[in-house]
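What follows is a single structure, written as structure tokens, with notes after it.
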Amino acid sequence: MMIAQEPHVTLAPAHDGRAVLSDARLLYALEEVVEAELNRHLKVAKEWMPHEYVPWSDGRNFDGPLGGDAWAPEQSKVTDIGRVALVVNLLTEDNLPSYHHEIATLFGRDGAWGTWVHRWTAEEGRHGIVMRDYLLTSRAVDPVELERFRMAHMSEGFESDNRHSMLHSVAYVAFQELATRISHRNTGHHSGDPVCDRMLARIATDENLHMVFYRNLLAKAFELAPDQTMSAVRDVVTGFRMPGHGIPGFERAAAQIALGGIYNLRIHHDDVLQPVLRFLKVLEIDGLGPEGLQAQEELGLFLGDLDTQARKFDERRAAILARRAARQG
């Protein structure tokens, strides 16, 4: 794969006199790593067919022009919390055109970066295909509500919180891809349907490979620009929110998903933030300048506060679940 010629870029000094690498410089500096990670990804990624994970024999016509049966909740094989999470997960996947636009604009469409952008988009496209086919064929969720939500969500589009900075964007997706993997896996475990669990496990495998790609890219960024990267990680971790936050009724659904044990503060802290930060040894990096040291310190303080918040959430969740169990008993 051809590597682009290095752009002529003037480096701006940081407050401590260190050079600040521009996005153009960083894109060039990371190109070889992107190429290596892309080749590794293509070797380990397994081809799979969405249609093989859909229980087509369970399908039948819905009401409408074909005169089928209207959807009713009792037709669904998945749990109540499974339905909520499946809708949120699919609607998040539905905004793929906007995600592609964001990363293609930021990372470019040429060289190794462009090849990765298009490959990532193609792989993510399978996720939306198989999830929608499964949900409609198995009658897991209300198809009318799902389509109305899709129209509303996609009509709003998506604008990344981190579009201002390439480093912030790489840091964000390193965590977000893992968060998505965890969300899919836990949704499958709580769905009550082995077919759904198997489908989401397949999707989660892809998401994990995407996380590894960006995590390794972030590791190299720490070598090239440690202070800038530390600041970016600090900003992303302290301001993190999932890309589906614009989904209609997201806050209520997120509360249900948190209480249901699919994704909450404890899971976010223990299973998403900590694994990536530990792998990169973010809190152990030395040789930082004043801005990097400040970002590192603020990150450590934030993680401590988040752990405290997660502990309080765990206690509230346990109390709520105990009250529910007592009422049902």
Side-chain angles (χ1 to χ4, degrees), residues 79-82 84-85 87-89 91-92 160-162 165 167-190 204 207-208 211 214-215 218 229-285 288 291-326:
T79 59
D80 291 342
I81 187 60
V84 173
V87 169
V88 169
N89 290 356
L91 292 175
T92 300
S160 171
D161 295 334
N162 303 288
S165 160
L167 273 181
H168 282 71
S169 296
V170 170
Y172 174 74
V173 288
F175 295 104
Q176 181 266 320
E177 293 284 3
L178 182 53
T180 303
R181 171 190 180 269
I182 296 296
S183 179
H184 282 313
R185 284 304 287 125
N186 287 344
T187 299
H189 292 331
H190 287 79
E207 303 290 9
N208 196 63
M211 179 276 293
Y214 287 118
R215 184 197 64 188
L218 193 58
T229 307
M230 185 67 72
S231 295
V233 169
R234 183 265 323 271
D235 293 344
V236 165
V237 169
T238 57
F240 185 88
R241 57 178 181 169
M242 292 293 275
H245 59 80
I247 291 170
F250 178 78
E251 290 186 4
R252 182 172 184 273
Q256 293 174 289
I257 288 169
L259 192 59
I262 290 176
Y263 200 95
N264 53 43
L265 282 178
R266 173 54 62 202
I267 293 170
H268 182 63
H269 177 276
D270 292 359
D271 300 336
V272 176
L273 297 182
Q274 289 292 353
V276 175
L277 294 173
R278 279 197 301 266
F279 178 88
L280 298 172
K281 296 181 171 59
V282 171
L283 298 181
E284 302 170 25
I285 293 174
L288 296 167
E291 292 187 11
L293 284 171
Q294 180 180 347
Q296 188 180 48
E297 180 181 354
E298 290 174 353
L299 180 60
L301 291 172
F302 175 82
L303 292 170
D305 290 342
L306 186 64
D307 186 48
T308 299
Q309 294 176 42
R311 190 178 305 113
K312 292 178 180 177
F313 169 80
D314 289 341
E315 294 170 356
R316 291 196 303 271
R317 178 173 179 263
I320 292 172
L321 295 179
R323 288 197 297 271
R324 285 185 178 179

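On a predicted model such as this, the values are computed, not experimentally measured, just so you know. Computed from heavy atoms alone, side chains included, the values below leave out hydrogens, waters and symmetry copies.
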Enumerate, atom names and distances included, each donor-acceptor pair closer than 3.5 Å involving a side-chain atom of residues 167-177, sequence neighbours excluded.
unit_1, atom_1, unit_2, atom_2, d
His168, ND1, Ser165, OG, 2.8
His168, NE2, Asp235, OD2, 2.8
Ser169, OG, Asn162, O, 2.8
Ser169, OG, Ser165, O, 3.0
Tyr172, OH, Arg241, O, 2.8
Gln176, NE2, Thr180, OG1, 2.8
Glu177, OE2, Trp120, NE1, 2.8

| message | Going by the rule side chain to side chain donor-acceptor pair (under 3.5 Å), which residues pair with Glu297 if we only count those two or more places apart in sequence or in a different chain? | response | none

| note | Ala179 and Val272 have their tightest heavy-atom pair at CA-CG2, 3.7 Å

| query | How far does CG of Asp80 sit from CD of Gln256, to the nearest 0.5 angstrom? | reply | 9.0 Å

| said: Please determine whether side-chain contact (heavy atoms from CB on, under 4.5 Å) holds for the pair Val233 and Leu277, giving the CA-CA distance in whole Å, both sets of side-chain angles, and the decisive distance to 0.1 Å. | reply: CA-CA 9 Å; Val233 169; Leu277 294 173; 4.0 Å; yes

| task | Would you name the heavy atoms of Leu178 and Pro275 that are closest together and state the gap between them? | result | CD2-CB, 4.2 Å

| For Val88 and Ala253, which heavy atoms make the closest approach, and how far apart are they? | CG2-CB, 3.8 Å

Which atom pairs, donor and acceptor, lie under 3.5 Å between side-chain atoms of residues 314-325 and protein residues at least two apart or in another chain?
unit_1, atom_1, unit_2, atom_2, d
Asp314, OD2, Arg266, NE, 3.0
Arg317, NE, Leu259, O, 2.7
Arg317, NH2, Leu259, O, 3.3

| said: Would the distance check show the side chain of Gln296 and the main-chain N or O of Ile285 forming a donor-acceptor pair, the cut-off being under 3.5 Å? | reply: yes

| Residue list, side chain to side chain donor-acceptor pair (under 3.5 Å) with Arg215, at least two apart or on another chain | none

| remark: CD1 of Ile81 to NE2 of His190, rounded to nearest 0.5 Å, is 8.0 Å

| said: So which atom in Thr92 and which in Pro243 form the shortest heavy-atom distance, rounded to 0.1 Å? | reply: CG2-CG, 3.9 Å

| Gap between atom CE of Met242 and atom CD1 of Ile247 - 0.5 Å precision | 9.5 Å

| message | Among residues at least two apart in sequence or on other chains, which ones pass side chain to side chain donor-acceptor pair (under 3.5 Å) with Asn208? | response | Arg181

| request: Return the set of residues passing side-chain contact (heavy atoms from CB on, under 4.5 Å) with Gln294 (not counting sequence neighbours), or none when no residue passes. | output: Glu298

| said: Nearest 0.5 Å, please: how far is CG in Leu280 from OG1 in Thr229? | reply: 10.0 Å

| message | What's the separation between atom CG in Asn264 and atom CD1 in Ile257, rounded to the nearest 0.5 Å? | response | 10.5 Å

| task | Could you go through the side-chain contact (heavy atoms from CB on, under 4.5 Å) check for Leu306 and Val237 one step at a time? | result | CA-CA 10 Å; Leu306 186 64; Val237 169; 5.9 Å; no

| task | Can you sort out the partners of Ser183 under side chain to side chain donor-acceptor pair (under 3.5 Å), two or more places apart, ordered by chain and number? | result | Asn89

| request: Could you note down all residue pairs passing salt bridge (charged side-chain N to carboxylate O under 4.0 Å, His left out) where residues 275-285 supplies at least one of them, sequence neighbours left out? | output: none

| field | Thr187 side chain near His184 side chain, heavy-atom distance below 4.5 Å | value | no

| Gap between atom CE of Met211 and atom CZ of Phe279 - 0.5 Å precision | 8.5 Å

| remark: In short, Phe240 meets His268 closest at the heavy-atom pair CD2-CE1, 3.4 Å

| query | Where is the tightest heavy-atom contact between Ile262 and Ala85, given as atom of each residue plus distance? | reply | CD1-CB, 3.6 Å

| Which residue pairs pass the salt bridge (charged side-chain N to carboxylate O under 4.0 Å, His left out) test with at least one member in residues 251-262, sequence neighbours excluded? | none

